[in-house]
Amino acid sequence: MPHTFSVRSLKGVGDKRAAQYEKLGIVTVADLLAHYPRGYEDWSSPCTAAQAPVGQPCCIRGFVVTSPTAYRVRQGMTLYRFRVSDGQDTIQATLFNNRFAAAKVRRDEEILLFGTLNRNGRQYEMTSPLIEGAAAGQRIRPLYRQTEGLTSRMIETNMVEALAIASTRPMAEPLPASLRETYDLCDRLCALREIHFPSSKMALEAARRRLVFEELLVLQLGLLQLKSRDRAQSAVVIRGDYTDDFAAGLPFTLTGAQRRAIDACAADLRGDRPMSRLIQGDVGSGKTAVAAAVAHTVIQEGYQAAMMAPTEILAGQHADTLRRLLGDRVRVGLLTGSLPTAQKQALQAAIAAGEVDLVVGTHALLSESVAFSRLGLVITDEQHRFGVGQRARLAAKGRHPHMLVMSATPIPRTLALILYGDLDVSVLDELPPGRQPVETYAVNSAKRERAYGYVRKHLDEGRQGFIVCPLVEESEEPSDLRSAQEVFAALSTGAFRGYRLGLLHGRMKPVEKEQTMAAFAAGKIQLLVSTTVIEVGVDVPNAVIMVVENADRFGLAQLHQLRGRVGRGAHRSTCILISDHTGEENRRRLSVLCATNDGFRIADEDLKLRGPGDFFGDRQHGLPQLRIADLMGDVSLLQQAQACAADLVESPALCTELYAPLREAVARLFDHVGEQGLN
Ligand code: ADP
Ligand code: MG
């Protein structure tokens, strides 16, 4: 069925209805068919009042024993009451102002009531039940996400017609028969019919399974394609293993986890395909040393390496660290947007001539004017995710270079499978020895002054600290939220008068942000009042105390990330979470943070408590909205879809006519997602 077939071709859909549909993102009949029910009314297995579940909608079958009587309660309000017997008990049903429904109810007829059953003493009651004739109604009915003026029932009516249209036309089938057979999936038309109008619970489950599989498969294929895994033979030939040599030059001993990650990379480098590996490690786990080891190996074999970081200050910090870790043998260059033109040109010339071994930089690395002589390794520090496209653009400056991605976001395995589906993963699950966990306390605002006193004590001892606020400036949000600007103003003249305060928030210009961060790193600012922008963090070992205002407004994983800004040096560090939210769930959430410094445990807890929204919410980087799949619930289907996608990209069949609909579905998926947006 063509994707251009408008909903206007359906009965009863004129300008007004079409506009309502558009609000739901539905323009074509195909869009309508993909408007899957958000739930169902199960009329398929009616029960008796005694069997009915408590507090949940159910369907009851019975005979009408008294026909509806109208009671006029007040102006414009008429009640209709009737009684139904299920053979054992009698249920009193009440309709409000619904003459139309009341008229359908006739004495001695068998009907189905759908609604929530209440018990009032010995009397069963159902208020505003939905009513169907016993013969007609025994089925599972869809409930659709609706919009002003467009009810689920209206959508249902249009859906019947949309399905009828779909049945008379050849429908694109993204999953060919052989594939459906392998994965035991029903065909598309059947799945659509059953998802909207299930003939049984089992058929519904099968339909859902098929549609979820398709959705996840398309997503996986899209991701694989975008990440455009380099299937080429590796052009960067690495033979030796230089890890011991590298380790010998370090001021510390590598942790076991670092060692394992480096070994995995070394094996990748010697393989016949370019490496693409993700190093996932909690804040402070020592990812930079791993990157340095890999860069060292590649450089020893005569290649260049590039490392891209999201901000200038981070790039600068990485350059310093790498110089320290790699020693004088390696020539390190730092390329950022703010470099004066003459220096930039000189550096670019040196890079092109192969006179720089390791180039650290920001997005400036992506510039046309940057060319490498022998780029063998691309490293990205994903504290703020780079677009897959950006990673690929940097890689394109070499001939299939190896790729290393570092991420501090401890995302649960399931989600990692999606976000980094085609990368091999090493986890740094061990912190360097001697690292002290950040002591964390959750308090209410009555303790704020005491917390400030504690902060002053640390500042007086020469340490530094952060005050983190959820908002930038006063807005229409509830007034109990403390914005960074407000807090900054209050503290400068109040609790921290005479101290050197700084303000940092996302609405500042990048240069201003960098300057403020640099001043903080240099110790010129003692106390930094900021929003979550500090999450993308620089290493300021002297920062030992953090106060988070309205801590309940942050996700757990985010709080953990924030907290990682302190506890990076030899001093004991503290994080004080201020929240006046008294809810049980909030208390539990914050207590998780107080109890552990293990980012992965926290991420799992967060996921349990809040669902994947936090990971796939506003910080979500352009991944298409899933219509039916549930990333937490459909893990095993996700794995099957992934296996299938991996097989398909290897198979010549994917390029044949048979798979054209699937390829088109993949292409459509990313229609609205710019390359930059997808990470
Ligand atoms: P991440 O980027 O994973 O947050 P870094 O690479 O910035 O962590 O390392 C954090 C700090 O720990 C740095 O100061 C680094 O020098 C130090 N470090 C890294 N590995 C070790 C180790 N094995 N032993 C001791 N200190 C280490
Ligand atoms: Mg780091």
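Just so you know, ligand 1 is whichever comes first in the structure, and atom 1 is the first atom listed for that ligand. All heavy atoms count here, side chains included; hydrogens, waters and symmetry mates do not. In what follows, residues are counted from 1 in the order of the sequence shown. As the structure is a computational prediction, the values presented were derived from the model and not from experiment.
A donor-acceptor pair is defined here as one N or O able to donate and one able to accept, closer than 3.5 Å; such a pair exists between the side chain of Gln464 and the backbone of Ile525. A donor-acceptor contact shorter than 3.5 Å is absent between the side chain of Gln258 and the backbone of Ala289. When atom types are taken as modelled, the side chain of Gln280 and the backbone of Val425 share no donor-acceptor pair closer than 3.5 angstrom. Formation of a donor-acceptor pair under 3.5 Å by the Glu430 side chain with backbone atoms of Ala257 is found in this model.
The shortest N or O to N or O distance between Lys287 and ligand 1 is below 3.5 Å. Annotation: Ala289 places no N or O atom under 3.5 Å from an N or O atom of ligand 1; distance criterion only. Close N/O approach between Phe252 and ligand 1 is not found [any backbone or side-chain N/O within under 3.5 Å].
In this structure, Gly281 has no heavy atom closer than 4.0 Å to ligand 1. Using 4.0 Å as the threshold, Met406 has no heavy atom nearer than that to any atom of ligand 1.
Heavy-atom proximity to atom 26 (N) of ligand 1, evaluated over Gly569, Pro432, Gly564, is greatest for Pro432. Of the candidates Leu254, Thr288, Leu431, it is Thr288 that places a heavy atom closest to atom 5 (P) of ligand 1.
Using a 30° and 60° split on the angle between ring planes, Phe246 and His296 fall in the tilted class, from 30° to 60°.
The ligand atoms of ligand 1 that sit less than 4.0 angstrom from a heavy atom of Thr255 are 23 (N). Of all atoms in ligand 1, listed by their number and element, those nearer than 4.0 Å to a heavy atom of Arg568 are 4 (O), 7 (O). Of all the atoms in ligand 1, the ones that sit under 4.0 Å from a non-hydrogen atom of Thr253 are 22 (C), 23 (N), 24 (N).
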Checking Arg463 against Asn542 for the side-chain contact (heavy atoms from CB on, under 4.5 Å) test, could you report, in this order, the C-alpha distance in whole Å, the side-chain angles of both residues, the deciding distance, and whether it holds? CA-CA 6 Å; Arg463 304 282 86 76; Asn542 194 43; 2.6 Å; yes
Could you check Ser426 against Arg277 for side chain to side chain donor-acceptor pair (under 3.5 Å), going step by step and ending with a plain yes or no? CA-CA 7 Å; Ser426 290; Arg277 183 168 289 274; 2.9 Å; yes
